[in-house]
Amino acid sequence: MNYRFQNLLGAPYRGGNVVITQNTQLISPVGNRVSITDLIKSQTITLPVQSSSNIRRIAASPDGTFLLTVDENHRCHFINTARRVILHRINFKNTVNAVKFSPDGKFIAVAAGKLVQLWRSPAFKKDFFAFELVRTIADCEDTVTAIDWSLDCKYLLVGSKDLTARLFCVEKLKDGILNKPFLFLGHRDNVVGCFFGYDKKNTNKVNKVYTITRDCYIFSWGYSGNNDGNFDENDGGISEPAFPGTPERDGEGNMDSGSAGNVKKRKDFDGKDEGEEGYLHKEKWELLRKDGFMQSPAKLTACDYHRGLDMVVAGFSNGVFGLYQMPDFVCMHLLSISREKITAAVFNEIGNWLTFGCAKLGQLLVWEWRSESYVLKQQGHYFDVNCLTYSPDSQLLATGADDNKVKVWTVSSGFCFVTFSEHTNAVTALHFMANNHCLLSASLDGTVRAWDLFRYRNFRTFTTPSSRQFVSLAADQSGEVICAGTLDSFEIFVWSMKTGRLLDVLSGHAGPVHGLTFSPSNAVLASSSWDKTVRMWDVFEGKGAVETFPHTHDVLTVVYRPDGRQLACSTLDGQIHFWDTVDGLLMYTIEGRRDIAGGRLMTDRRSAANSTAGKCFTTLCYSADGSYILAGGSSKYICMYDVADQVLLRRFQITHNLSLDGVLDFLNSKKMTDAGPLDLIDDDDSDAEEGVDKQTRGKLGYDLPGSMPNRGRPIIRTKCLRIAPTGRSFAAATTEGVLVYSIDESFIFDPTDLDIDVTPEAVEEALDEDQPNRALIISLRLNEDSLIKKCIFSVSPLDIPAIASSVPYRYLQRLIEAFSDLLESCPHLEFILRWCQELCKAHGNSIQQNSRNLLPALKSLQKAITRTHQDLADTCSSDEYMLRYLCSSKNK
């Protein structure tokens, strides 16, 4: 019962910026959580930490150790990504539009409203308040939108909505020099991105600046620092860009730099390199060229620059992206990847991969521009997930949603590997067949479809004579009969799986049939309906309803216990009823209204305690052994009950995200105005006025006036719950996505990962100190084959069980590969087989759960064992015959 949050599926990206660390680790915000995708291993994990609302901006330290997240409520978390824990918290006073670590990782630049704040990075400091404000820059006239550091961390380039970019010197200048920024003027729209360009010969020397504006123009500014100080007196005055309007404002910005500063500058320039020792913001910058992306009337929404390749990538509001070689502005690629606006575009460190994000569609793409191929292509469901189901081996998870799509995910990696889109209306129910390779889906479009997971195709479609809307689905244990319940005609249709023919129509319910399940032990079908009954049907005999269990309120769902001897159903009054299916008697009743009671919605006129809405369970699921039951509904809680004692064992709160409705129990009275709650007053039309629709999940499908009373704020709820057949994890289809909770410890922190003393000498030292366990783990971390084998043989046979159980799961594949190699060349057969046996005992469940990833290593081990067994069998057979011959010849 010790379930912990493990992963979030179904939503790879929902807005905000994305970051790539260590060249292959893609970090993206998902609602109020953060997902980290390993692009090499094709594996994604979601950190267990939550922000108070949806995350707007993230930034990673240069080495990838620390992560900074800022949410919509201006609350910031400083996270250690290796340990997956929050180290520090801080609140900013204004909306944060940009945040970036300095290249040396010592400082963090935060664009909070019109201000740019420089904070000293807390790193591993154990202070009460580890953030230290070093400097506040308040020169901008409007919201700051972009920040870039120079490589030497001395200069900061800032772009804002006041149509200017400013070059600041971060360091404190010598006495008498005014530290005023240089202004890059002449833009006609907001500055979306601003970047330093570097000399190709001297990669640390800044010689260019690029500013990119929202109206699809890029400005290239050149630094002419070879004037030997002759122009210091009139530096700003003679700067003449190639278009009118700039010289006057530019001159005003620099005339104030005064003669006192110029004397100091001449001294600094004597015999020194101007680009490194001179002050960049005091020197002469001029506009070299102005280029248009030619995407009008679309707006530029995302951009990035790679200094090594001198290339710019730009994403536009019409779903097109362009890749350009600078400084000549040569278009390398211009492709359309979406119909919606691109909200994130970023290079990786090497520059061979481009990452794009589209918040409205939930798309996350990684594209290799040289080979023009996808490295990663993931997309979540457009609307909320309605239903989900585990495969019989617990390794796959299928989800269906209102966007008419069925997606199949690998649980261990968190990746979707196939999407079926043949349905023309919302998918309402899913069912995996016992053979693990066939998936059934029911939809409101009047069809039940069978999908082949080998060939990824729809191989059979079950329909009715007249169109019906299906809301429930079940199949018997043999897989011969398929049943589906309807929303409109209150009937249950029965088909043959082999022929696809309609066999029977079961009538008798007087309300929508929302629950349908076959008994695991016999061929009895149980159905629940809003007509306040649960009916039992003998499908194969065709006798109609065998028995009816009446209730006092509408029955919302029904499930069988895994042994088939008990039936559980939930009713509209918040109760869970347990029936004995053999005797037809009511065994227990759990009153769950107080347990499932959720928070208060923005539009509620009553408090959460007095409201009757949502105080019922809409989905139930038994544990694998039937001892406890999970229940969820229109609430922020998932409840776990002990069936025998009818007590609440645990209550999971699925989210703390205040961007969703129904999370708070008590609303803030300060936000109540004469016109209603402050959050429901739509005063945020700035983006729509500027030509680009504001992109939020709340607006999806709710654009008609008055269609959503709460401005489309998603309401937190759990639509479906399923426990894996192994019983070690369960999945919940919620407003936030598909949350996976597991008993297995998916993350084991290995201290040697962060230890700089992981060396072959450390292995020898551990062996000398009689610490074979530590020596083995260090050798696995080093991945040195000879050291691993040496450590394996240093273990005493009596210590094998203890050491095998202490090996972290992440090193199992490497260890199995070593054993398969040793079996083919090593004479110590029993010793290696003992190792393999103990490893399977200790990590059997982990090996089974991740058998797809471990399959190559396991097959090589099986091959080595089979070959050794065959050789031994041949040897024993020949020896046996030889002994018989010798014995017989002796008798003669």
Side-chain angles (χ1 to χ4, degrees), residues 5-51 53-72 75-88 96-103 105 108-110 121 123 147 302 304 306 313 315 342-359 362-367 375-380 413-415 657 736-737 746-747 753:
F5 174 79
Q6 185 185 34
N7 211 348
L8 174 63
L9 308 180
Y13 173 71
R14 283 203 188 137
N17 66 315
V18 297
V19 174
I20 294 185
T21 61
Q22 300 171 8
N23 211 46
T24 58
Q25 301 286 326
L26 175 63
I27 305 176
S28 60
V30 185
N32 69 331
R33 299 179 185 269
V34 176
S35 286
I36 302 178
T37 304
D38 190 322
L39 298 176
I40 299 295
K41 297 179 180 177
S42 295
Q43 196 168 13
T44 181
I45 58 160
T46 306
L47 300 185
V49 298
Q50 292 190 64
S51 298
S53 59
N54 288 338
I55 294 173
R56 285 181 58 91
R57 286 290 175 267
I58 61 174
S61 61
D63 60 356
T65 304
F66 302 112
L67 181 69
L68 197 75
T69 64
V70 186
D71 62 21
E72 293 174 349
R75 295 175 182 172
C76 171
H77 287 166
F78 191 80
I79 301 169
N80 182 350
T81 52
R83 291 297 300 267
R84 305 184 190 178
V85 293
I86 298 174
L87 299 180
H88 307 289
V96 175
N97 290 305
V99 58
K100 196 164 187 178
F101 276 84
S102 62
I108 305 168
V110 179
S121 175
I147 291 176
D304 193 23
H306 192 277
V313 61
I342 297 172
T343 52
V346 65
F347 281 99
N348 68 337
E349 291 175 20
I350 298 177
N352 57 339
W353 291 346
L354 293 169
T355 302
F356 300 102
C358 177
Q363 278 184 328
L364 203 57
L365 306 174
V366 179
W367 190 66
V375 177
L376 169 75
K377 193 175 183 181
Q378 289 290 297
Q379 180 175 347
S413 69
F415 270 52
N657 190 355
E736 284 279 79
S746 61
F747 169 65
D753 271 351

**Request:** Determine, step by step, whether Thr65 and Asn80 satisfy the side-chain contact (heavy atoms from CB on, under 4.5 Å) criterion, reporting the C-alpha distance in whole Å, the side-chain angles of both residues, the deciding distance to 0.1 Å, and the verdict.
**Result:** CA-CA 6 Å; Thr65 304; Asn80 182 350; 4.1 Å; yes

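- With 3.5 Å as the limit, one finds no donor-acceptor pair spanning the side chains of Asp38 and Gln43.
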**Item:** Test side-chain contact (heavy atoms from CB on, under 4.5 Å) applied to Leu376 and Phe415, step by step
**Value:** CA-CA 10 Å; Leu376 169 75; Phe415 270 52; 3.1 Å; yes

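- Atoms NE2 and SG, from His88 and Cys76 in turn, are 10.5 Å apart once rounded to the nearest 0.5 Å.
- Side-chain atoms of Thr81 come within 3.5 Å of backbone N or O of Gly64 as a donor-acceptor pair.
- When the ring pair (Phe, Tyr, Trp, His ring centres under 6.0 Å) test is applied to Phe347, the partners found at least two apart in sequence or on another chain are His306.
- For the atom pair Leu9 CG and Thr46 OG1, the distance stands at 7.5 Å (nearest 0.5 Å).
- A donor-acceptor pair under 3.5 Å links the side-chain atoms of Ser61 to the main chain of Phe66, judged by distance alone.
- Inter-residue side-chain proximity for Val366 and Ile20 is flagged as unmet; no heavy-atom pair is nearer than 4.5 Å.
- Taking OG from Ser28 and CD1 from Ile36, the interatomic distance works out to 9.0 Å, rounded to the nearest 0.5 Å.
- With sequence neighbours excluded, the residues that form a side-chain contact (heavy atoms from CB on, under 4.5 Å) with Thr21 are Val19, Gln25, Ile27, Ala60.
- Of the inter-residue distances, the one linking Arg75 atom CZ with Asn32 atom CG reads 12.0 Å to the nearest 0.5 angstrom.
- A search for side-chain contact (heavy atoms from CB on, under 4.5 Å) contacts involving Pro48 returns Phe5, Arg84, not counting sequence neighbours.
- Heavy atoms only, all atoms of each residue included: Ala59 and Phe101 are closest at O-CE1, 3.7 Å.
- Under the side chain to side chain donor-acceptor pair (under 3.5 Å) criterion, Thr355 pairs with no residue at all, not counting sequence neighbours.
- If you take OG1 on Thr24 and CG on Leu39, they are separated by 6.5 Å, rounding to the nearest 0.5 Å.
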**Asked** Under the side-chain contact (heavy atoms from CB on, under 4.5 Å) criterion, do Thr69 and His77 qualify, and how do the steps go?
**Response** CA-CA 5 Å; Thr69 64; His77 287 166; 3.4 Å; yes

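- Of all the heavy atoms in Gly362 and Pro12, the pair that sits closest is O-CG, 3.4 Å.
- Of the possible donor and acceptor atoms, one in the side chain of Arg57 sits under 3.5 Å from a partner among the backbone N and O of Asn97.
- Smallest separation of non-hydrogen atoms from Pro29 and Gly16: CG-CA, 4.3 Å.
- The CD atom of Gln363 lies 5.5 Å from the SG atom of Cys358; values are rounded to the nearest 0.5 Å.
- Summarising the geometry of Ile79 relative to Ile86, their closest heavy-atom pair is CG1-CG1, 4.2 Å, with the distance given to 0.1 Å.
- Under the rule for a side-chain contact (heavy atoms from CB on, under 4.5 Å), the partners of Ala344 that lie at least two apart in sequence or sit in another chain are Tyr13, Val18.
- Contact detail for Ser53 and Glu72: the closest heavy-atom pair is OG-N, 3.2 Å.
- When all heavy atoms of Ile147 and Lys100 are compared, the pair lying nearest together is O-CD, 3.8 Å.
- For Asn23, the side-chain contact (heavy atoms from CB on, under 4.5 Å) test picks out Asn348, Glu349, Ile350, with sequence neighbours left out.
- With hydrogens and angles disregarded, no donor-acceptor distance shorter than 3.5 Å links the side chain of Asn657 to the backbone of Ser51.
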